Amino acid sequence: MSAAWTSTRGAENSCSLMSRFPDTDQHGSAILVKAHRSTESWPPMRWDMRDGLHEGSLSAIIPDGRVSEDVRMGVVAVEGISGNFPRHPNIKTHEMVPDDQIVGWCAACTCGWRGPRWSRVDTSRQAALSKRLAYLPSLGFAVPSVGVEEALHLEWEKHAFPAAAISELNAAVKAAEEAASRLDRGVASARRAGVSWALIGSALGISRQSAHEKWSP
Ligand SMILES: [Zn+2]
């Protein structure tokens with residue numbers, strides 16, 4: 001592992017690592033070591049609409065097609081037991097997949113949506129954002145470059161913003177229907193209690209005539 005950290009391929013990825021650790025110094029190897037030490041505490045890559053419906057994640061794809069939505073710096077936890085990988089120490093239903101088994105990435109959302117696949121390529125020369133080709137050296141590091149991460153984030157936003165707006169409209173329609181239903185019940189209750197149409201209209205900010213026309217049986 002120590003040889004890999006000082007390899008040329010490692011240096012190629014130092015730009016993205018520097019962006020992830022802006023407080024580190026500019027010396028490549030020091031940054032790589034710090035990144036490695038941070039793997040235990042790095043949280044999964046997630047983007048939240050805070051609407052309870054759409055929470056996005058940077059997800060990794062492994063050769064058998066399974067997708068992990070729990071991608072951390074050096075850990076990819078994949079649901080399902082194939083027997084090909086070590087069992088997850090804390091989650092019985094998951095396996096731990098080494099970062100060099102990742103064949104691609106996609107953006108995913110808790111609503112079930114998944115973005116297009118980004119394929120992992122073998123060299124940095126083959127990488128191309130426009131073709132969704134991403135390079136990642138095998139350094140115990142499961143997250144692609146910041147540029148790829150930002151592109152995946154944008155793909156999720158293009159899904160999540162319209163979806164959240166539609167969800168909001170659906171919620172507003174439901175709330176309006178509930179309010180109308182409550183009003184009907186309230187007027188009926190007031191009439192049973194002997195309240196006049198004039199008082200009902202006054203309470204609702206409309207004329208006696210309007211209240212009568214709308215709710216009289
Ligand atoms: Zn969604």
Side-chain angles (χ1 to χ4, degrees), residues 13 16-17 19-22 35 38-82 85 87-121 127-136 141-181:
N13 205 37
S16 70
L17 288 170
S19 301
R20 294 180 194 287
F21 299 94
S38 301
T39 57
E40 295 299 317
S41 57
W42 193 268
M45 296 284 176
R46 290 197 176 279
W47 317 297
D48 198 352
M49 282 299 292
R50 301 184 188 280
D51 65 350
L53 294 172
H54 303 280
E55 186 180 335
S57 62
L58 188 159
S59 301
I61 305 168
I62 66 170
D64 63 17
R66 281 182 292 164
V67 174
S68 169
E69 295 181 9
D70 191 345
V71 177
R72 299 167 195 247
M73 291 293 270
V75 179
V76 180
V78 183
E79 187 173 9
I81 306 299
S82 68
F85 304 106
R87 300 286 282 262
H88 193 289
N90 303 321
I91 311 172
K92 285 183 179 177
T93 53
H94 285 56
E95 291 179 321
M96 300 291 291
V97 179
D99 69 289
D100 61 6
Q101 293 292 306
I102 293 171
V103 294
W105 297 268
C106 66
C109 190
T110 46
C111 72
W113 173 89
R114 272 184 192 166
R117 173 183 174 140
W118 286 67
S119 296
R120 185 179 191 171
V121 292
L129 287 179
S130 61
K131 296 176 182 172
R132 295 196 175 91
L133 300 176
Y135 170 64
L136 180 70
F141 186 77
V143 180
S145 73
V146 168
V148 173
E149 184 196 329
E150 286 175 349
L152 286 162
H153 187 184
L154 271 178
E155 288 181 345
W156 173 77
E157 283 189 341
K158 282 184 180 174
H159 147 73
F161 284 163
I166 294 296
S167 297
E168 178 60 22
L169 291 180
N170 291 338
V173 166
K174 193 177 174 198
E177 286 171 353
E178 285 170 358
S181 173

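Both ligands and their constituent atoms are indexed starting at 1 by order of listing. The model shown is predicted, which means the values in this text are computed figures rather than measured ones. Residues take their numbers from the sequence shown, with the count starting at 1.
Between the CG atom of Leu129 and the CD atom of Glu150 there is a distance of 9.5 Å, given to the nearest 0.5 Å.
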Result block: side-chain N/O donor-acceptor pairs under 3.5 angstrom for residues 111-119, not counting sequence neighbours:
| residue | atom | partner | partner atom | Å |
| --- | --- | --- | --- | --- |
| Trp118 | NE1 | Glu155 | OE1 | 3.3 |
| Trp118 | NE1 | Glu155 | OE2 | 3.3 |

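A donor-acceptor pair under 3.5 Å is formed between the side chain of Ser167 and the backbone N or O of Ala163. Thr110 places a side-chain N or O within donor-acceptor distance of the main-chain N or O of Glu55, the cut-off being under 3.5 Å.
For the Zn ion (ligand 1), protein N, O or S atoms under 2.8 Å: 4 in total.
Met96 and Phe85 make their closest contact through O-CB, 3.4 Å (heavy atoms, listed as atom of the first residue, atom of the second, distance).
Aromatic ring pairs are classed by plane angle as parallel below 30°, tilted from 30° to 60° and perpendicular above 60°; the pair Trp47 and His153 is parallel.
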